Visitor: 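Got a structure for you, questions after.
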Amino acid sequence: MMGNTHSLLDGLNPQQMQAVCLASGNMLILAGAGSGKTRVLTTRIAWLLATNQARPHNILTVTFTNKAAKEIDARISAMVEVGTQAMWAGTFHGLCHRLLRIHFKEANLPKSFQILDSTDQLSVIRRLLKTQQLSEELLAPRQVQYFINRHKEAGKRSTFLSADKPQDQQLIPLFQLYDEYCQQQGLVDFAELLLRSHEMMQSNPLLVAHYQQRFLHILVDEFQDTNRLQYQWLKHFVGKESALFAVGDDDQSIYGFRGAEPSNMALLLKDYDITEPIRLEQNYRSVGNVLKAANAVIKKNTDRLDKALWTQDIDGEPLNLLEAATDKTEVAFIVKEVSRLDKAGILLDNIAVLYRSNAQSRLFEQALFDRGIAYRIYGGLRFFERQEIKHAIAYLRLIVNPEDNDALLRVINVPTRGIGLRTIEGLIDHAKQFNTSLWGALKLNHELPVKLANFVALIENMRALTEPMALSEMIRLVVARSGLKAMYEQNLKDHTERLENLEELMNAAVNFESDGDQIPLISFLNNAALESGEYQAQHGQRALQLMTVHAAKGLEFDTVFVSGLEEGLFPHENSLTNAKETQEERRLMYVAMTRAKRQLYLTCAKQRVLHGRFNYPMRSRFIDDIPSQLTKVLSDDYANFGTTLRHTMVTKKHLKTMPNDLPYQIGQTVMHQKFGLGVITDAEKMGETFRLTVNFAASGTKWLDTAYAKLQIFDESMKH
DNA sequence: CCGATCTTTATTTTT
DNA sequence: TAAAGATCGG
């Protein structure tokens with residue numbers, strides 16, 4: 001089983017070598033972007049195995065995404081001959097889930113507890129607000145959700161909170177009520193997975209001893225993204241005999257919104273007496289120009305441990321900059337460029353299009369489809385969050401556990417079967433009265449209205465029929481019998497896609513049919529909440545990679561397009577009021593740029609449709625932070641996109657509202673003496689003059705009358 | 001009391 | 001734009 005140890009270590013630089021071959025003890029590796037972080041992590045595992053310092057079951061590897069976990073597993077398998085099944089590798093949430101399944105009793109959970117994803121969580125909260133007679137206007141469900149999650153991620157239960165602010169007086173009891181409801185229903189939200197297993201370990205020295213003995217090596221990737229609870233959770237596993245190996249980069253901390261505390265890195269040094277972390281500062285990924293540009297952007301952040309990332313590589317080509325006329329021409333340009341690169345021999349897998357938010361993927365999808373370019377979108381509308389999938393899953397959940405109120409409410413009238421709001425309210429009252437589940441209330445009543453009786457019969461009938469079936473067959477039957485299939489077949493608008501997704505659900509189920517440990521259906525249902533759904537087609541096929549910047553972390557590509565670089569989109573407008581969040585946006589930009597090995601394109605549009613409206617954003621501050629000698633400005637070549645352009649501009653809305661004698665153009669950048677630079681977003685004729693709506697970079701939106709306001713048309717050539 | 005249709009509204013990032 | 005809520009006709 002001994003691999004060749006020397007070939008494992010070939011080509012590592014001294015710092016990487018030091019990290020891989022650490023003898024014992026805990027260590028933090030400060031690893032800049034592209035410095036071989038993942039390589040060090042995986043090589044260390046392979047080295048531990050190859051030199052017999054550890055067996056697979058002694059190793060616990062924690063990552064942040066399922067994709068990263070798979071990647072690590074694949075790389076190790078390629079390096080060593082030992083099977084890695086006994087190794088525990090996964091996300092914090094995945095690992096906690098595993099723990100709770102094994103030790104459900106110690107965690108005080110029912111055996112068949114279900115995981116609540118964020119959408120489910122929100123609807124539970126909505127319903128809770130309703131039962132408490134609290135109007136959503138007074139207390140936004142999202143705010144309640146944020147309150148609960150934020151505290152759980154800090155390791156706090158409602159009972160440990162004191163109402164400092166007046167609003168907390170309402171929120172704390174809600175938090176408590178929510179937790180009671182989840183406990184009673186056997187529901188576990190994402191943060192609860194962590195908190196619950198943390199508490200379980202805390203009160204269970206035997207378990208702690210067991211796992212400390214088992215896991216001699218605990219490796220954590222992307223350590224800068226751990227939150228306080230995750231940090232405390234990790235501590236349970238680090239014993240006298242075990243070694244914690246954490247890898248991170250504070251410049252790549254992009255999960256602040258999820259409670260990530262980059263300060264955990266400093267805490268780690270202190271708590272584990274690490275005097276000197278190992279620093280990996282040589283970048284092996286990107287050419288000089290890309291690295292210089294990325295450094296110029298990140299340098300503007302104040303809260304950072306300054307690092308000196310350098311490369312031996314050549315400068316390479318300048319970065320390509322494009323300010324397109326519209327979001328459509330931006331996409332058209334990128335797609336055309338991709339097709340050119342493809343023909344020039346760059347593999348499509350090696351090209352990525354990145355964007356700030358998932359909604360931006362639609363335009364690309366359309367354009368790529370039209371052009372016949374293979375593409376693969378990661379994330380996006382998560383497979384298991386689509387309504388048709390949720391409906392199907394709710395039926396399955398009801399079959400497993402009829403007491404599942406949420407599942408029942410979701411499908412009792414989907415497809416519509418004449419059970420309306422009144423009936424359901426009556427049912428809820430009835431259940432409350434007899435202190436039972438909704439299903440219990442249905443069974444209690446012997447004179448059920450026909451429609452309700454039919455529903456009960458349907459569920460029981462499906463349960464009986466599917467009992468002997470394989471999982472995928474079971475899903476097929478449920479989709480057909482429940483009427484979901486017929487419902488989507490009738491609905492011509494989106495029927496193909498939804499039916500295809502249901503079909504895909506059956507395909508995904510096949511993978512769980514041979515899961516020996518558990519009842520396939522149960523393990524399938526639980527994975528549904530945690531897996532983001534890499535079940536998209538085109539597996540193995542060479543395809544252009546599309547994803548959010550968040551999803552791209554840890555990956556690298558020959559050529560990278562960062563699109564939608566506009567103020568309000570990237571940096572996102574929700575982050576502009578908060579300096580901390582603006583810094584996170586900047587780190588996000590840094591992550592995006594450093595994904596590129598050889599070529600980097602930065603693009604933005606002067607006009608963009610957002611939430612179904614036209615917007616005229618300024619280009620992103622991040623573009624202006626890059627020294628102009630590193631960039632080359634491209635044009636989106638109007639002639640080629642004339643059709644798309646005309647299509648966008650000549651909408652009814654524009655014909656109606658745009659006075660044709662307007663001396664300016666919508667979308668034009670103008671300079672105002674007092675307000676500075678801005679973009680004209682709207683115009684209205686007011687008698688002889690016009691009232692312009694101008695979005696100023698510094699001071700926001702203003703209305704200006706052309707009779708008074710002196711606006712200077714801002715010449716593009718002045719910028720560069 | 002249901003269900004279809006109109007209206008409103010809220011839109012980041014991930015597990 | 002799309003999903004959730006409010007309204008209206010049967």
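What you see is a predicted model, and the numbers here were worked out from it, not measured in a lab. Lettering of chains follows the sequences in order, A, B, ..., and the numbering in each one begins at 1.
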Visitor: So, using side-chain hydrogen bond (donor to acceptor under 3.5 Å, both in side chains) as the criterion, who are the partners of A:Y231 when residues are at least two apart?
Guide: A:D271
Visitor: Roughly how many Å is it from OH in A:Y255 to P in B:dT13, rounded to a whole number?
Guide: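 To the nearest whole Å, that distance equals 11 Å.
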Visitor: Going by salt bridge (Lys or Arg N to Asp or Glu O under 4.0 Å), name the pairs with one or both residues in residues 387-397 of chain A, residues two or more places apart or in two chains.
Guide: A:D117-A:K390, A:D120-A:K390, A:E388-A:R498, A:R397-A:D404
Visitor: Once you round it to whole Å, what is the distance between P of B:dT15 and NE2 of A:H550?
Guide: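 Whole-Å distance recorded here is 10 Å.
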Visitor: Find the distance A:Q145:CD to B:dT13:C1' and express it as a whole number of Å.
Guide: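 Taking atom C1' of B:dT13 as the reference, CD of A:Q145 is at 14 Å.
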Visitor: Could you pull out all residues at least two apart from A:P571 that satisfy side chain to side chain contact (heavy atoms under 4.5 Å, CB included)?
Guide: A:E567, A:S575, A:L576, A:E585, A:S620, A:R621, A:F622
Visitor: Flag as yes if A:F92 stacks onto the base of B:dT15 (centroids under 5.5 Å, planes under 30°), otherwise no.
Guide: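 One would not call A:F92 stacked on the B:dT15 base.
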Visitor: Could you go over nucleotides 7-11 of chain B and give all protein N or O partners under 3.5 Å, atom names and distances?
Guide:
residue : atom : partner : partner atom : Å
B:dT11  : OP2  : A:R142  : NE           : 2.7
B:dT11  : O2   : A:H611  : ND1          : 3.3
B:dT11  : N3   : A:H611  : ND1          : 3.2

Visitor: For A:T416, check side-chain hydrogen bond (donor to acceptor under 3.5 Å, both in side chains) against everything at least two apart and list the hits.
Guide: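 Counting only residues at least two positions away or on another chain, A:T416 forms no side-chain hydrogen bond (donor to acceptor under 3.5 Å, both in side chains).
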Visitor: What is the distance, rounded to the nearest whole Å, between atom CZ of A:R126 and atom P of C:dA3?
Guide: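 A:R126 atom CZ is separated from C:dA3 atom P by 13 Å.
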Visitor: For A:S575, report the nucleic acid contact type (base, sugar-phosphate, nothing); a contact means any heavy atom under 4.0 Å.
Guide: nothing
Visitor: Rounded to whole Å, how long is the line connecting atom NE2 of A:H97 with atom P of B:dT14?
Guide: 21 Å
Visitor: Nearest heavy-atom pair of A:A352 and A:L544: which atoms, and what distance?
Guide: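 It is N-CD1, 4.4 Å.
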Visitor: Could you state the atom-to-atom distance from CD of A:E222 to C1' of B:dT13 in whole Å?
Guide: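 Checked: the CD to C1' distance equals 15 Å.
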Visitor: List in chain and number order the residues that pass side chain to side chain contact (heavy atoms under 4.5 Å, CB included) with A:L438, two or more places apart in sequence or in another chain; answer none if no residue qualifies.
Guide: A:N405, A:L408, A:L409, A:L427, A:I428, A:A431
Visitor: Answer with base, sugar-phosphate or nothing: what part of the nucleic acid does A:F64 contact at a heavy-atom distance below 4.0 Å?
Guide: sugar-phosphate
Visitor: Indicate, yes or no, whether a donor-acceptor pair under 3.5 Å links the base of B:dT15 to the side chain of A:R258.
Guide: no
Visitor: B:dT13 C1' sits how many Å from A:R586 CZ, rounded?
Guide: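 Rounding to the nearest Å, CZ of A:R586 and C1' of B:dT13 are 18 Å apart.
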Visitor: With a 6.0 Å cut-off on ring centres, are A:F64 and A:F92 close enough?
Guide: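 For A:F64 and A:F92, the ring centres are under 6.0 Å apart.
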Visitor: Over how many whole Å does the gap from A:I424 atom CD1 to C:dG5 atom C1' extend?
Guide: 15 Å
